Amino acid sequence: MVVNNSQSLVTALEYCAANNIGAFRILSQILPLYTHPEVGYELKDLPSYELILSNFAAAKQFAIDKNIRLSFHPDQFVVLSSPKEQVVVSSLKELEYHAVVANLVGADMINIHAGGVYGDKKSALERFVENFKRLKPLTQKLMTVENDDKSYTPSDLIKICEKLNILMVYDVHHHRCNLDNLSEKEATSVACDLATKVNKQPHFHISSPLEPWGKVCGLHRNHADFIDINDFPKIWKNLSVDYTVDIEAKAKELAVKKLYSQLSC
């Protein structure tokens, strides 16, 4: 399965290049059960180790040649702000695994949410910072944090991003569900400034709600099949820097193609 996954990554990147898609989020399960407490393994233990490494190296070089930005977005159970040590230890192990693969394939970011509030947002963010420091330095350099639709706004994350010297991935859909004192223009500007400080390209997320925006916000969290062109922030159309946008839509590459064509008009 791991061999097939490594080969499929190359195929997926070839598709991206052929369709002018400049970013690809790699599935966390590319190495199935890698961190499982009972059946976990090391890459070097696999019988097709050399072939897997060769495929990963090919994917890395292809992404470089075609200027395709690679990233990871671990599952929601990765929570550095958790008050439970067992959850934190498991999260750290999962992030170190992602870093191993990221370095092999040339991904430049591992993006996570800040986690839960647990009744005290300040303390939760302090735990996030302290637990982040338990990661290996090379893993820390790959880490990014994203605002979410329930707990943490862009303004909540600015200070920890500055303290940890990491990128903030700005999700405009989440921001619209979970408002703070920043406008979309201001949040975009902050994300760009933080990206400049860490010498990375700004990274944004966009999606459209399954239900119309006029309804109660709780219904907006589910993603629609495609992106409504009116949901694309005007400020993004006029940025003077190169940036990456992940399209989070159920129609996947069809949604990317449709939005790309609309923006090109």
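Just so you know, these numbers come straight off a predicted model, no measurement behind them.
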Nearest 0.5 angstrom please: Q262 CD to I229 CD1, how far? 4.5 Å
Are H73 and H98 close enough that their ring centres sit under 6.0 Å apart? no
Close side-chain approach of N178 to D148, heavy-atom, < 4.5 Å: yes
Just by distance, do the side chain of Y260 and the backbone of N19 share a donor-acceptor pair under 3.5 Å? no
Please lay out, stage by stage, how F77 and V87 fare under the test side chain to side chain contact (heavy atoms under 4.5 Å, CB included). CA-CA 8 Å; F77 63 78; V87 173; over 6 Å; no
Joining Ile, Leu, Val, Met, Phe, Trp and Tyr whenever any side-chain heavy atoms lie under 4.5 Å apart, the cluster holding F226 also takes in L254
Apply the test side chain to side chain contact (heavy atoms under 4.5 Å, CB included) to residues H203 and E146: give CA-CA distance (whole Å), side-chain angles for both, the deciding distance (0.1 Å), then the verdict. CA-CA 10 Å; H203 199 123; E146 173 190 349; over 6 Å; no
N111 and S71, any side-chain heavy atoms less than 4.5 Å apart: no
How close do V79 and G115 get, heavy atom to heavy atom, and via which atoms? CG1-CA, 3.9 Å
Donor-acceptor check, side chain of T188 to backbone of E184, threshold 3.5 angstrom: yes or no? yes
Examine distances only and state if a side-chain atom of R176 and a backbone atom of D231 form a donor-acceptor pair shorter than 3.5 Å. yes
Quick one: which of I52, L33, I30 gives a side chain to side chain contact (heavy atoms under 4.5 Å, CB included) with V2? I52
Applying ring-ring contact (aromatic ring centres under 6.0 Å, His included) as the test, list every pair that has at least one member in residues 234-259; sequence neighbours left out. F204-W236, F204-Y243, F232-W236
In terms of heavy-atom contacts, does CG of N199 have more than 12 from other residues, nucleotides or ligands at under 6.0 Å? no
Of all heavy-atom pairs linking N147 and T153, the shortest is CB-C, 3.8 Å
Can you check whether S155's main-chain N or O pairs, donor with acceptor, with D180's side chain at less than 3.5 Å? yes
Salt bridge flag under 4.0 Å for residues K133 and E130: yes
For atom CG of D45, decide whether the heavy atoms of other residues, nucleotides or ligands shown that lie under 6.0 angstrom number more than 12. yes
Walk me through it: do K258 and I227 pass the test side chain to side chain contact (heavy atoms under 4.5 Å, CB included)? CA-CA 8 Å; K258 181 177 179 179; I227 304 299; over 6 Å; no
Would you find more than 12 non-hydrogen atoms of other residues, nucleotides or ligands less than 6.0 Å from K141 atom NZ? no
Apply the test side chain to side chain contact (heavy atoms under 4.5 Å, CB included) to residues L182 and I158: give CA-CA distance (whole Å), side-chain angles for both, the deciding distance (0.1 Å), then the verdict. CA-CA 11 Å; L182 296 177; I158 293 171; 4.0 Å; yes
Consider only side-chain heavy atoms of I, L, V, M, F, W and Y, link residues closer than 4.5 Å, and tell whether L138 and M143 are in one cluster. no
Quick one: does any side-chain atom of Q140 pair with a main-chain N or O of L135 as donor and acceptor, under 3.5 Å? yes
Quick one: does S208's side chain have a donor or acceptor within less than 3.5 Å of a partner on D228's backbone? yes
Examine I206 and M168 and state if one hydrophobic cluster contains both, with Ile, Leu, Val, Met, Phe, Trp and Tyr joined whenever side-chain heavy atoms are less than 4.5 Å apart. no
Could you state whether L9 and Y34 fall into the same hydrophobic cluster, counting links through intermediate Ile, Leu, Val, Met, Phe, Trp or Tyr residues with side-chain heavy atoms under 4.5 angstrom apart? yes
Please confirm whether the backbone N or O of T35 pairs with a side-chain atom of E94, one donor and one acceptor, at under 3.5 Å? no
Examine distances only and state if a side-chain atom of K200 and a backbone atom of D108 form a donor-acceptor pair shorter than 3.5 Å. yes
Does atom NZ of K84 have more than 12 heavy-atom neighbours, drawn from other residues, nucleotides or ligands, at distances under 6.0 Å? no
Any side-chain heavy-atom pair from I26 and F24 closer than 4.5 angstrom? yes
State, yes or no, whether a side-chain contact exists between T139 and V100 at a heavy-atom distance under 4.5 Å. no
Does Y170 have its ring centroid less than 6.0 Å away from the ring centroid of H175? yes
Has E85 got more than 12 heavy atoms of other residues, nucleotides or ligands less than 6.0 Å from its CD? yes
Is any side-chain heavy atom of S81 closer than 4.5 Å to a side-chain heavy atom of N131? no
Is any side-chain heavy atom of N5 closer than 4.5 Å to a side-chain heavy atom of P32? yes
Check the hydrophobic clustering (I, L, V, M, F, W, Y; side-chain heavy atoms under 4.5 Å; chains of links allowed) and say if L164 and L167 are grouped together. no
Note, H173 side chain near P209 side chain (heavy atom, < 4.5 Å): yes
Path from L80 to I160 over hydrophobic side-chain contacts below 4.5 Å: yes
Any side-chain heavy-atom pair from L53 and K44 closer than 4.5 angstrom? no
Indicate yes or no for a side-chain donor-acceptor contact from E248 to the backbone of H223 under 3.5 Å, with no hydrogens or angles considered. no
Test your reading of the model: is there a side-chain donor-acceptor pair from Y152 to the backbone of G116, 3.5 Å cut-off? yes
